[in-house]
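What follows is one structure encoded as structure tokens, with my remarks underneath.
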Amino acid sequence: MGAIPGPDRTRAVGVADVPGLAARKAAVRLVHAVVVLGRPLDGQLESALKGLSPSDRGLARALTGGVLRHLPGLDALIDSTTRQPLPPDARARQVLRVALAGLLVLETPAHAGIATALPLLEGGPRRLAHGILSTLIRTRAQLPEPALPGGWAARWTESWGAAEAGAAAQRLAEIPPTDLCLRDSAATAAWCERLGGTSMMPGHVRLEGSQQVEQLAGFTDGDWWVQDIAASLPARLLGDVAGQRALDLCAAPGGKTMQLASAGADVTALDINASRLKRLRTNLERTGLSADIVEADARSWQPDAPFDAILLDAPCSATGTFRRHPDLLYLKDDLDLSTLTTLQADLRDRAAGWLKPGGRLVYAVCSLEPAEGEGASPPAGLVPDPVEPSDLPAGLSPSAGGFVRTLPSLWGEAGGADGFFIARWRKPD
């Protein structure tokens, strides 16, 4: 693994003098913000990465992701080499987490891993940190088996069984693929060939790993948008919406709005968040699609006329998106779902009142919490409209009750899918 520098060799080295040190400093800051302070990663990126080169920005994000995806295993390695464990909030622990993510996840050379770790301690226990890293390098330590942080393994074992909790740990440890939703589903085969991807259903293309999507063919022309395959199912389950009045509730950033618009619907896209609606407008402009955009609170807004189809992708815990947003598992370990489930019920009831006779309501949450999905009560005045196997891609079947649940084990060998619950109801004629 190369010569290991001593604990004092890097004492006088400045951040600007060691390649990659600035990126690692940013990663330490981001890990501390998420794991110690409980702050969402997206809200910290701009300030933490400010002034870094594109390559350092990418490295900082990769290191941070490596820590968040493997933190239980990294901490187990750190603690295995010390008689008295470092406090969870100690800066030295954050530095060691980032260093080990570099060594074991990104496969940074040993000498570089130590040389870029020790200067970040800022007066911390340099000899202790050097000893921990040297021991782990000398013994050729390997990452332990994937594990979920905090109480998530117990929570999801209770909800879905040990096999699904294990699958969730495996999905967390993996970089998820990039899913694209096509504006023209008839061009699926052509886009798979052009981009080197695979398809799991018409209108879907899956590319390996993370991608610089702005650089891919078709992005500028708006031929597709990024959307997890599970997130694309709710709009598909509204059926043929061509020529119909369709409402997309909680619409931003716009993936489902674009699905409905590309299918020929007359779409109203409603969301309460002005900044997220800006993204929706940008996405519509890029793809050349159109929708009537409304900034309003669905609990007080009232449409001028009823709709043929309504899609409610309700605000939720978003725990089903953990494979794309691993920081969620450090922010929501102690979930109180009562406020969310009350809001979801209110929105379902509001939406039900806006349907035409014979109209469909699809309710969805990107959550793995049964209280937000299976525990959701049907809105008054609507009847179940069970999902059929033919409505779904291969490998996914509706439940006995006719709803859809995607779990961590689904399509595991192909990269998995986000966790969703989807129900469909109809207003009698």
Side-chain angles (χ1 to χ4, degrees), residues 23-50 52 57 60-79 85-102 105 120-122 124 146-159 165 168-169 171-173 175-176 272-273 275-276 314-344 365-369 371-372 408 418-419:
R24 287 167 170 80
K25 184 175 184 180
V28 169
R29 177 178 173 182
L30 290 169
V31 169
H32 181 266
V34 172
V35 179
V36 178
L37 302 181
R39 296 173 180 170
L41 180 61
D42 284 349
Q44 306 302 310
L45 289 172
E46 183 176 357
S47 60
L49 303 182
K50 186 177 181 180
L52 295 185
R57 291 171 68 91
R61 296 185 70 142
L63 287 166
T64 303
V67 172
L68 298 181
R69 293 184 184 280
H70 298 277
L71 188 137
L74 298 177
D75 276 353
L77 290 175
I78 292 169
D79 294 339
L86 290 164
D89 60 349
R91 180 176 179 83
R93 183 175 285 276
Q94 317 318 317
V95 170
L96 288 167
R97 286 167 167 169
V98 169
L100 287 177
V105 181
L120 298 178
L121 290 169
E122 298 181 354
L148 295 169
W152 289 105
R155 185 184 188 95
W156 285 343
T157 295
E158 181 179 357
S159 297
R171 298 293 86 76
L172 176 63
I175 303 296
I272 196 173
N273 189 308
S275 63
R276 284 170 57 83
C316 68
S317 63
T319 52
T321 67
F322 72 92
R323 54 199 268 279
R324 299 192 184 279
H325 304 283
D327 58 312
L328 288 174
L329 300 186
Y330 301 92
L331 310 179
K332 300 185 176 184
D333 192 14
D334 185 17
L335 283 177
D336 179 5
L337 298 175
S338 58
T339 300
L340 280 172
T341 54
T342 298
L343 172 60
Q344 291 157 4
V365 284
C366 55
S367 169
L368 285 170
E369 307 312 305
E372 297 182 279
D418 285 349

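Just so it is clear, the values below take in all heavy atoms, side chains as well, and ignore hydrogens, waters and symmetry mates. Residues take their numbers from the sequence shown, with the count starting at 1. Fair warning: this is a prediction, and the values are worked out from it, not measured in the lab.
- Interatomic distance, NE2 of His32 versus CD of Gln44, reported as 11.0 Å (0.5 Å rounding).
- In this structure, the side chain of Arg39 does not engage the main chain of Ala33 through any donor-acceptor pair within 3.5 Å.
- Looking only at distances, a side-chain donor or acceptor of Arg69 sits under 3.5 Å from a matching main-chain atom of Arg323.
- Partners of Pro87 by side-chain contact (heavy atoms from CB on, under 4.5 Å), not counting sequence neighbours, listed by chain and number: Asp89, Ala90.
- Ala23 meets the side-chain contact (heavy atoms from CB on, under 4.5 Å) test with Asp56, Leu59, Ala60; sequence neighbours excluded.
- Remark: Arg324 engages Pro176, Asp179, Asp228, Asp418 in a side-chain contact (heavy atoms from CB on, under 4.5 Å) (not counting sequence neighbours).
- Under the 3.5 Å distance criterion, the side-chain polar atoms of Glu372 are matched with a main-chain donor or acceptor of Ser317.
- Not a single donor-acceptor pair under 3.5 Å links the side chain of Asp327 to the backbone N or O of Val34.
- Counted by atom type alone, Arg97 and Gln94 present one or more donor-acceptor pairs between their side chains at under 3.5 Å.
- Ala173 meets the side-chain contact (heavy atoms from CB on, under 4.5 Å) test with His70, Pro146; sequence neighbours excluded.
- The distance from atom CG of Leu329 to atom CH2 of Trp156, rounded to the nearest 0.5 Å, is 5.0 Å.
- Judged as a salt bridge (Lys or Arg N to Asp or Glu O under 4.0 Å), and not counting sequence neighbours, the contacts of Glu369 are Arg155.
- For Arg93, the salt bridge (Lys or Arg N to Asp or Glu O under 4.0 Å) partners are Asp75, Asp79, not counting sequence neighbours.
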